[in-house]
Amino acid sequence: MISVRGRGPARFAAAAIATGMLAAGAIAGAGTAVADENNQQGGVLATLPKAGVTIGSGVKILNGPNPGNTAAGLFELQVKGGGTLKTYCIDVGRGTVAGAEYREASWDESTLHNNENAGRILWILKNSYPQVNDLTALATKAGAERLTEKTAAAGTQIAIWHFSDNVKVDADDDNADKLAEYLIESAENLAEPKASLTLEPSAVSGKAGEKLGPVTVNTNAQTVNVAPGAEAANAGVTVVDKDGNAVTTAKQGDQLFFDVPKGTEPGTASLTAQANTEVAVGRAFTSVNPKNPSQTQILAGSSSSSVTANATATWANEGPIPAVTAEKNCVKGGVDVTATNKGDEPFSFSLAGKEHEIPAGGSETVTVPVQEDQEYNITITGPNGFEETFTGTLDCETETTTGGGEEESPEPSTEPSPATVGGDTGDTGDTDGNLAETGSSSTTPIIAGVALALVVLGGAAVFFLRKKKPATAGSGD
């Protein structure tokens, strides 16, 4: 939907506040709010209905941050708008939270950002269950006597943990161990898969009377629906291709533009792109609830799922005309805020005591430092009613491991555990798309949640981006 906001103060201001708190007590369900940043960046949004694996079997974690008995296997996420995802864990030290919300993320935005073996995890996902549902053939390759869906899921998860968390795990079933050993030894480094749907950049700006863009469609879907809303008609703003033709659908690589008639009052508009597609195996999924983070997941299979992405355009007739985007940067430990100025006057901003100036036609990216597992809330306002809000949690690191894969089995830790790593290993019924069937009888949950008492207060960063006035000696601004 396209929405248009009216004129406002000719001042460009932004406040970025990062705080985090995890209250003492047992971890319960996660919140339901979806951050504006998640909508802007595009990709699938999904929910984990229940904590713990839905199909798998028992294992014993021998080292790492949370040794002891648990269950290993597949999780199931429900896609907002329709669809089902099967995932494995890539953060063994953190527990799952029932009701946790997730968004599709790149490897650089997840715990895989500094993992040289991320491509080997992708190979495992493509060459094991549920992508390979001929379990007899898989058992033969692995040198196992027999594999069931439960033991195949457990063995696959063990192999993934080897590369994602550097932990050594023994399965209750020897066949699961044999599968894990085969996958670990055979794994090759593959390239990161592409996103299901993104619009790049997700914000553009310019003067009324111009085509604002381009916004490039990146998707693995055959067709993407482009939906301008009714509010756009009131301002006469349309979404067009590079030749100026009105657009209602698009495909991979297409460029979209906002056509703003000359003389249109300054304002802001947005568009929504939507598609139904199978999300690529190997895409990361990070939790979006800052107060109850849930362990990072990686996609093992997808039904046809609904995916959306948004883009915005801001226009004016004169002065600074900003466009702002935000993206997590796990390498730098923060959020990259990129401000672009397509106006005819420069503007400056102050961040953490440093001054920056963006000339007319220029662009600059500033990294706002955010602590791990810390909530951030960045609200940016500007000339003519411009406003963007980015919220989320930086979830870039796995829990610290305590040793290498050859360590002897220690006694189970007596330290508090964040939450259940495993859980019920029952069946979830049939699914469609590229998922194998997962019908299996339920087994007893293997591990219970443990209360966590921890309060983390993060730092705060506040910065102001303002319209730059002509240089005046002794100016207080």
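- Rounding to the nearest 0.5 angstrom, the gap separating the OH atom in Tyr129 from the OH atom in Tyr88 is 7.0 Å.
- How far CD of Glu200 is from CD of Glu327: 8.0 Å, rounded to the nearest 0.5 Å.
- The shortest distance between side-chain heavy atoms of Lys207 and Trp315 does not fall below 4.5 Å.
- For the residue pair Thr365 and Asp336, no side-chain donor N or O sits within less than 3.5 Å of a side-chain acceptor on the partner.
- The heavy-atom pair separating Thr96 from Ser294 by the smallest distance is CA-OG, 3.2 Å.
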task = Given salt bridge (Lys or Arg N to Asp or Glu O under 4.0 Å), test Glu210 with Lys262 step by step and report yes or no.
result = CA-CA 7 Å; Glu210 300 175 345; Lys262 187 175 183 179; over 6 Å; no

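- A salt bridge is absent between Glu397 and Arg94; no separation between the charged side-chain nitrogens and carboxylate oxygens falls under 4.0 Å.
- In this structure, CG on Asn225 lies 12.0 Å from OG1 on Thr308, to the nearest 0.5 angstrom.
- In summary, the side chains of Ser363 and Thr340 do present a donor paired with an acceptor at a separation below 3.5 Å, with no hydrogens or angles considered.
- In this structure, Thr111 and Asn114 approach most closely via the heavy-atom pair O-OD1, 3.8 Å.
- Residues satisfying the side-chain hydrogen bond (donor to acceptor under 3.5 Å, both in side chains) test with Thr286, not counting sequence neighbours, are none.
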message = Could you go through Lys211 and Asp241, starting from their C-alpha distance and side-chain angles, then the distance that decides it, and tell me whether this counts as salt bridge (Lys or Arg N to Asp or Glu O under 4.0 Å)?
response = CA-CA 9 Å; Lys211 293 203 303 283; Asp241 61 18; over 6 Å; no

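- Ser128 and Thr156 form a side-chain donor-acceptor contact under 3.5 Å, judged by distance and modelled atom types alone.
- Under the 3.5 Å distance criterion, with hydrogens and angles disregarded, no donor-acceptor pair is assigned to the side chains of Gln374 and Glu372.
- Between Asp254 and Lys242, none of the side-chain N atoms (NZ, or NE/NH1/NH2) sits under 4.0 Å from a carboxylate O, so this pair counts as no salt bridge.
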query = Would Asp108 and Lys328 satisfy salt bridge (Lys or Arg N to Asp or Glu O under 4.0 Å), going step by step from the backbone distance to the final call?
reply = CA-CA 8 Å; Asp108 280 347; Lys328 295 176 184 177; over 6 Å; no

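- A salt bridge is defined here as a Lys NZ or Arg NE, NH1 or NH2 lying under 4.0 Å from an Asp or Glu carboxylate O, and Lys50 with Glu76 fails to meet this definition.
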